Protein chains: 2
Amino acid sequence: MRILIVEDEKPLREQIQSLMATEKYACDAAADGREGLFLGTEYDYDLAIIDLGLPLLDGSSLIKQLRAKARNYPILILTARGNWQDKVEGLEAGADDYLTKPFHPEELRARIHALLRRASGHASSVLRYGPISIDTSAKRVFRDEAEVELTSFEYNTLTYLAMHAGKNISKSELTEHLYAQDYDRDSNVIEVFVGRLRKKLDPEGTLNLITTQRGLGYRFNLDKQ
Amino acid sequence: MRILIVEDEKPLREQIQSLMATEKYACDAAADGREGLFLGTEYDYDLAIIDLGLPLLDGSSLIKQLRAKARNYPILILTARGNWQDKVEGLEAGADDYLTKPFHPEELRARIHALLRRASGHASSVLRYGPISIDTSAKRVFRDEAEVELTSFEYNTLTYLAMHAGKNISKSELTEHLYAQDYDRDSNVIEVFVGRLRKKLDPEGTLNLITTQRGLGYRFNLDKQ
DNA sequence: CTTCAACAATCAGGATACGCATAGTCAGTG
DNA sequence: CACTGACTATGCGTATCCTGATTGTTGAAG
């Protein structure tokens, strides 16, 4: 999951960033509306958290512009307590939920979970793809009823691919979603981990689990059931 | 265990809160139906206690809306003595049990225990996992018929893990359910307590009681019997 | 058909951050 | 004021992640 934070107050921004870090979400932060618009347009986020009172470009204009550019990820807005007009304006601009400052970190976290869950539309916690099943609440993976032990990063990579089964996912999309902004592009971590996943989940290569689309990315090849 | 209380009468609400505190449950309280709906929707509770006569949004509507949003934790309703219709309506809306006011704290305590136990799929108040058994009503723990003395926090950690046996429970999920509201995130309490549990319950490490899935969480490894 | 460049896979070793043990501090309680 | 239990601080070991070189594969150009 990759999350965008647009918040001008540095302490709050950093607090949110560290909260996202504990959730193992990759996140980018912008300190004003302009920068927010740039990042929000440039990258494909899973969620954005936007303060309404921003320098250079205010929150609801930012949201309007993002929506106008067909950026459809869920947006959570932050408002000062009691600013009814702002809140309503933000929601009308295209935000999905709001939170009034100050808030408890727990509250923010819960909202984010709810938005992400709603966005992905996954009701059950067990995803089945033929012989492979992924229990997202237990964070365990099985092949033919036998558990396959995955590390945290392997697990994240697999679920991202599986949740976009049938689609070509480029390596850069994967790194973008699994890592925070500043990540060394010319590394081959993804290849390494895809290799590990293939070895662990399909050592004989009979499933054709993850195929390589040269120049395009990887594709998870089992249908969801 | 994390519990939600929705009750408009302040004295009663606080009485219940302090009762929950003595039980070492983390709990949040709401004074009206709206707030109750918000909290109940956004957080993952283990149980909710809801008064039927509430301002802004009445109890049974609240329950209906929670259930409609797939919030499946057990709900205990509180009714004034003799309000048959209300009680029935509440149960039909999706409550699991009721209690008529005024009630003895003991009675509330017993009902809560029963509901939590039932929710985790255990009929009796003694949970058995191989050589480990947990008596949830007496809050005592045994290994091979010998009692193991646990402190209250150790006990809570153990029961939460045991009630979700087989699942990887992240440290943040543990803190969410064991502590109320905000809690300092970069602390290693959980690690310390898991360490103590292992030492007390399985000093030789023969049971493989709680395993660590680096980056994913902890897992209680004994099957329920 | 062969060659070549670009891209991908593999492997092993090093760096890092995660989790653990231990000990120490602090707060509450009798 | 001693005692217990909750939490913090520190250093250490190691699983996990990342790197870079090497080997393998692909597809287009000659």
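From a predicted model like this one, the values you see are computed outputs, not experimental measurements. Letters go in sequence order (proteins before strands), and every chain restarts at 1.
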Participant: Starting at CD1 of A:Ile190 and ending at P of C:dC7, how long is that distance when rounded to a whole Å?
Facilitator: 17 Å

Participant: Just by distance, no angles: are the side chains of A:Asp28 and A:Tyr45 close enough, under 3.5 Å, to form a donor-acceptor pair?
Facilitator: yes

Participant: Ignoring backbone atoms, establish whether B:Lys171 has a side-chain N or O less than 4.0 Å from OP1 or OP2 of C:dC18.
Facilitator: no

Participant: Let me know the distance between CZ of A:Arg198 and P of D:dT25, rounded to the nearest Å.
Facilitator: 13 Å

Participant: If each of B:Lys24 and A:Phe193 is mapped to the nucleotide of DNA chain D with the nearest heavy atom, which maps nearer the 5' terminus, i.e. the 5' end?
Facilitator: B:Lys24

Participant: Indicate whether any N or O donor in one side chain lies under 3.5 Å from an N or O acceptor in the other, for A:Asn168 and A:Ser170.
Facilitator: no

Participant: When you check the phosphate oxygens OP1 and OP2 of D:dA15, does a side-chain N or O of A:Thr151 lie under 4.0 Å from one of them?
Facilitator: no

Participant: Please state how far atom NZ in B:Lys200 lies from atom P in D:dT4, giving the value in whole angstrom units.
Facilitator: 12 Å

Participant: From C:dC20, D:dT19, C:dA8, pick the nucleotide closest to the side chain of A:Glu191?
Facilitator: C:dA8

Participant: Taking it one step at a time, do B:Arg13 and B:Glu35 satisfy salt bridge (Lys or Arg N to Asp or Glu O under 4.0 Å)?
Facilitator: CA-CA 14 Å; B:Arg13 186 171 69 238; B:Glu35 200 186 343; over 6 Å; no

Participant: Looking for any heavy atom pair under 4.0 Å, which part of the strands does B:Val192 touch: base, sugar-phosphate only, or nothing?
Facilitator: base

Participant: Using whole Å, report how far CG of B:Leu197 lies from C1' of C:dG19.
Facilitator: 15 Å

Participant: Can you establish whether the number of heavy atoms outside B:Glu145 located under 6.0 Å from its atom CD is more than 12?
Facilitator: no

Participant: Tell me, which pairs form a ring pair (Phe, Tyr, Trp, His ring centres under 6.0 Å) where one or both residues lie in residues 17-36 of chain B, sequence neighbours left out?
Facilitator: none

Participant: Salt bridge or not for A:Lys139 and B:Glu173, using N-O below 4.0 Å?
Facilitator: no

Participant: Taking CZ from A:Arg219 and C1' from C:dA8, how many angstroms apart are they, rounded to a whole number?
Facilitator: 17 Å

Participant: Scan residues 210-218 of chain A against DNA chain C and write down, sorted by residue number, each residue with any heavy atom closer than 4.0 Å; if none is found, say none.
Facilitator: A:Thr212, A:Arg214, A:Gly215, A:Tyr218

Participant: What is the distance, to the nearest angstrom, from the CG atom on A:Asn188 to the P atom on D:dG24?
Facilitator: 17 Å

Participant: Atom CG of A:Leu178 and atom P of D:dC18: how far apart are they, to the nearest Å?
Facilitator: 10 Å

Participant: Kindly say if A:Ser187 contacts the phosphate of D:dT19, meaning a side-chain N or O under 4.0 Å from OP1 or OP2.
Facilitator: yes

Participant: Does D:dA6 have its OP1 or OP2 closer than 4.0 Å to a side-chain nitrogen or oxygen of B:Arg196?
Facilitator: no

Participant: What I want to find out is whether A:Lys171 reaches A:Glu191 closely enough, with some N-O distance under 4.0 Å, to be called a salt bridge.
Facilitator: yes

Participant: How many Å lie between CD on B:Glu149 and C1' on D:dT4, as a whole number?
Facilitator: 13 Å

